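Inspection log for the structure reproduced underneath, given as structure tokens.
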Amino acid sequence: KPSPINFQNGSFQTPTIDLSVNYPDPYQTFQMAQVPGWSTYPANSAYVSDPKSYYIEYRKVDAAGAYIDTNGDATTEANGDQYAELNCYYPGILYQNSTTTPGYKIYWQFAHRARRGVGNLSGTGLDVMNFYLVPGGYSSGTPSSSSLITTASDNALDWYYYRGAYTVPSGQNTTGF
């Protein structure tokens, strides 16, 4: 049976980007505490003490070509007109922890794409992202390989959608997404 998850801000629409901050490049970075529901942690332990490791970068969909596309902004939306860049200042882990019920089936989905830009001007270069479901929730460090659900490897030409089902194991009352 499906289990409702109280996922917060899944489409990264809050807070709203102030386009005047970095005009003409449509992005803004926010301290983790300013982004409802989401947390981040540096993938490399060398950056744990750097406050920049705890920022989340939002980007605005540039459907009308209104901005200088120097950073490979998406020109189509996956869900809403903002999205998160997975690596803000440093490669990081973007996550939420949620209460889950053992034995229930969770249906998950996400959209992923690479960024066009330096090193990927054609947009055909690949960006890779690992998706984990972490027993007990996520707190720090790289999740165990046994928690890896799928690896997204995509170009910047479109959004690519991933979905699946996961049965919460016995005794697992919290799951990190």
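In what follows, every heavy atom counts, from backbone to side chain, and hydrogens, waters and symmetry copies are set aside. Quick caveat, the model's predicted, so the values are computed rather than measured. Residue numbers count from 1 along this sequence.
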Inset, instruction - Spell out, yes or no, whether Ile17 and Tyr55 are grouped together once hydrophobic residues are joined by side-chain heavy atoms under 4.5 Å, including indirect joins. - result: no

Legend entry - Residues forming a salt bridge (charged side-chain N to carboxylate O under 4.0 Å, His left out) with Asp81, sequence neighbours excluded: Lys60

Inset, instruction - Kindly indicate whether the side chain of Arg59, heavy atoms from C-beta on, has any atom under 4.5 Å from the side chain of Gln82. - result: no

Legend entry - Exam field: side chain Thr40 to backbone Ile93, donor-acceptor pair closer than 3.5 Å: yes

Legend entry - Any Pro36 side-chain heavy atom under 4.5 Å of Pro15 side chain: yes

Legend entry - Step-by-step side chain to side chain contact (heavy atoms under 4.5 Å, CB included) determination, Ile56 to Thr29: CA-CA 6 Å; Ile56 297 172; Thr29 59; over 6 Å; no

Inset, instruction - Quick one: closest heavy-atom pair of Ala43 and Thr142, and the distance? - result: O-OG1, 4.0 Å

Inset, instruction - State whether the side chain of Asn87 and the backbone N or O of Gly92 hold a donor-acceptor pair below 3.5 Å, judged by distance alone. - result: yes

Inset, instruction - Locate the shortest heavy-atom distance separating Thr100 from Pro102; write the atom from each residue and the value. - result: O-CD, 3.8 Å

Inset, instruction - For the pair Glu57 and Lys52, evaluate salt bridge (charged side-chain N to carboxylate O under 4.0 Å, His left out) and give the outcome as yes or no after the intermediate values. - result: CA-CA 11 Å; Glu57 180 180 336; Lys52 285 182 172 182; over 6 Å; no

Legend entry - Spacing of OG belonging to Ser53 relative to CE belonging to Met32, to within rounding of 0.5 Å: 10.0 Å

Legend entry - Contact summary for Leu157 and Asn155, nearest pair of heavy atoms: N-OD1, 2.9 Å

Legend entry - Between Thr151 and Asn130: side-chain donor-acceptor atoms closer than 3.5 Å: yes

Inset, instruction - Report yes if the side chains of Thr101 and Val168 come closer than 4.5 Å at any heavy-atom pair, otherwise no. - result: no

Inset, instruction - Please report the shortest heavy-atom distance between Val48 and Tyr54, naming the atom on each side. - result: O-OH, 2.8 Å

Inset, instruction - Considering non-hydrogen atoms only, spot the tightest contact between Ala114 and Gly125 and give its length. - result: CB-O, 3.8 Å

Legend entry - Interatomic spacing from OG in Ser153 to NE2 in His112 - rounded to 0.5 Å: 8.0 Å

Legend entry - Closest heavy-atom pair and its distance - Ala78, Tyr161: CA-OH, 3.5 Å

Inset, instruction - Please indicate whether Asn44 has more than 12 foreign heavy atoms, meaning atoms of other residues, nucleotides or ligands, lying under 6.0 Å from its CG. - result: yes

Inset, instruction - Taking the side chain as every heavy atom from C-beta outward, state whether Ile149 and Tyr132 have any pair of such atoms under 4.5 Å apart. - result: no

Inset, instruction - Under the side chain to side chain contact (heavy atoms under 4.5 Å, CB included) rule, what do Trp38 and Gln96 come out as? Steps first, then yes or no, please. - result: CA-CA 5 Å; Trp38 292 98; Gln96 285 194 33; 3.2 Å; yes

Legend entry - Side chains of Tyr89 and Asp50, donor plus acceptor under 3.5 Å: no

Inset, instruction - Apply the test ring pair (Phe, Tyr, Trp, His ring centres under 6.0 Å) to residues Trp159 and Tyr83: give CA-CA distance (whole Å), side-chain angles for both, the deciding distance (0.1 Å), then the verdict. - result: CA-CA 11 Å; Trp159 288 101; Tyr83 57 97; 5.4 Å; yes

Inset, instruction - Look up atom CG in Asp127 and atom CZ in Arg115, then write down how far apart they are to the nearest 0.5 Å. - result: 9.5 Å

Legend entry - Audit row: Asn173, Thr99, side chain to side chain contact (heavy atoms under 4.5 Å, CB included) steps and yes/no: CA-CA 6 Å; Asn173 297 312; Thr99 301; 5.6 Å; no

Legend entry - Heavy-atom check, side chain of Val35 versus side chain of Asn9, under 4.5 Å: yes

Inset, instruction - For residues Met129 and Leu86, determine if any side-chain heavy atom of one lies less than 4.5 Å from a side-chain heavy atom of the other. - result: yes

Inset, instruction - Evaluate the side-chain proximity of Pro91 to Pro42: yes if any heavy-atom separation is below 4.5 Å, no if none is. - result: no

Inset, instruction - Any chance you could lay out the side chain to side chain contact (heavy atoms under 4.5 Å, CB included) test for Phe131 and Leu148, step after step, and finish with the verdict? - result: CA-CA 6 Å; Phe131 175 71; Leu148 179 63; 5.7 Å; no

Inset, instruction - Look at the side-chain heavy atoms of Ile, Leu, Val, Met, Phe, Trp and Tyr, link any pair under 4.5 Å apart, and say whether Tyr160 and Trp108 land in one connected group. - result: yes

Legend entry - Side-chain H-bond candidate by donor/acceptor type, Tyr58 with Gln28, under 3.5 Å: no

Legend entry - Residues Asn97 and Tyr138: side-chain donor-acceptor under 3.5 angstrom: no

Inset, instruction - For a side-chain contact (heavy atoms from CB on, under 4.5 Å) with Val134, tell me which candidate from Ser144, Ser139, Ser146, Pro143 qualifies. - result: Pro143

Inset, instruction - Please check if any side-chain donor atom of Thr175 sits under 3.5 Å from a side-chain acceptor atom of Gln172, or the reverse. - result: yes

Inset, instruction - May I ask you to test the Phe110-Phe177 pair for a side-chain heavy-atom distance under 4.5 Å? - result: no

Inset, instruction - Calculate, to the nearest 0.5 Å, the distance between atoms OH and CD belonging to Tyr162 and Gln109 respectively. - result: 13.5 Å

